Amino acid sequence: MFNFDEANRKGKEAMDAMLKNYAEIAKGFQAIATEASEYSKKSFQDAVAHMESLAGVKSVEGALELQTNFVKGAYEGFVSEATKLTEMYADLARNAYKPYETPVAKASKSVGVPAAAAA
């Protein structure tokens, strides 16, 4: 026989888990947006400082050296930031999937499909 109290409890548990998961996902996206914003601000400030120092250079060789150092530093900073953001997105995906690992494993086990193939 169908137990309405049990169904209501399971539904409430599922809704609570879903809302908690959405809150974690929102925190992850907020952290990513904050990181990207801070990087953009720092990058802009570095570019402004570079242009100011470039304006004060007296020789072509000095300008080329300054420009080379700036481009090298900007590239290294970009690669570092891209790596950091990639890791943040991977962590976000892992955390978003975590609540569903157990149900997917149970469901795939009951139908005889490996969990890796079901996901």
Side-chain angles (χ1 to χ4, degrees):
M1 177 176 238
F2 188 75
N3 186 343
F4 286 103
D5 290 333
E6 182 68 19
N8 187 26
R9 186 178 62 77
K10 290 283 188 185
K12 184 180 180 323
E13 288 174 2
M15 182 61 78
D16 289 344
M18 184 178 64
L19 290 175
K20 182 180 177 188
N21 190 28
Y22 285 151
E24 289 297 319
I25 291 170
K27 285 180 190 175
F29 278 122
Q30 186 174 8
I32 289 168
T34 300
E35 182 66 32
S37 175
E38 288 174 1
Y39 172 73
S40 295
K41 182 179 177 183
K42 182 187 178 305
S43 179
F44 180 76
Q45 289 171 344
D46 290 347
V48 168
H50 170 68
M51 293 306 286
E52 289 172 353
S53 61
L54 193 60
V57 173
K58 303 285 187 219
S59 68
V60 174
E61 292 84 12
L64 287 175
E65 182 180 345
L66 191 63
Q67 184 69 13
T68 301
N69 291 336
F70 173 74
V71 170
K72 182 180 177 186
Y75 175 75
E76 290 171 353
F78 173 76
V79 169
S80 174
E81 188 67 21
T83 301
K84 186 174 185 177
L85 286 173
T86 299
E87 290 170 1
M88 291 176 79
Y89 274 111
D91 288 343
L92 176 63
R94 250 184 256 110
N95 290 337
Y97 180 69
K98 193 177 288 185
Y100 304 106
E101 287 176 342
T102 303
V104 167
K106 285 181 183 178
S108 63
K109 190 175 188 181
S110 68
V111 296
V113 176

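Bear in mind that the values here come from a model prediction, so they are computed numbers and not experimental data. Numbers here simply count residues along the sequence, with the first being 1.
With respect to the salt-bridge test (charged N to carboxylate O, under 4.0 angstrom), the residues D16 and K20 do not qualify. Checked for salt-bridge contact, R9 and D5 miss the test: no charged N lies under 4.0 Å from a carboxylate O.
A distance of 10.0 Å separates CE in M51 from CG in L66, rounded to the nearest 0.5 Å. The OH atom of Y89 lies 6.0 Å from the CZ atom of F29; values are rounded to the nearest 0.5 Å. Here the CD-CE distance, from E35 to M88, works out to 5.5 Å after rounding to the nearest 0.5 Å. Taking CD of E13 as the reference point, atom CE of M18 lies at 13.5 Å (rounded to 0.5 Å). Within the model, atoms OG of S40 and CD of Q45 stand 11.0 Å from one another, a figure rounded to the nearest 0.5 Å.
A heavy-atom distance below 4.5 Å is not found between the side chains of H50 and D46. In this structure the side chain of T68 never reaches within 4.5 angstrom of the side chain of E65, judged on heavy atoms. Using a 4.5 Å cut-off on side-chain heavy atoms (C-beta onward), F70 and Y75 make no contact. Contact annotation: the side chain of E24 never approaches that of K98 to less than 4.5 Å [non-hydrogen atoms, C-beta and beyond].
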_Trace of the side chain to side chain contact (heavy atoms under 4.5 Å, CB included) decision for D91 with R94_ = CA-CA 5 Å; D91 288 343; R94 250 184 256 110; 2.5 Å; yes

*What's the verdict on side chain to side chain contact (heavy atoms under 4.5 Å, CB included) for I25 and L92, showing C-alpha distance, side-chain angles and the deciding distance?*
CA-CA 7 Å; I25 291 170; L92 176 63; 4.3 Å; yes

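Counting non-hydrogen atoms of other residues, nucleotides and ligands closer than 6.0 Å to CD of Q30 gives a total of 12 or fewer.
Side-chain N or O atoms of S80 include none that pairs as donor or acceptor with a backbone N or O of E76 at under 3.5 Å.
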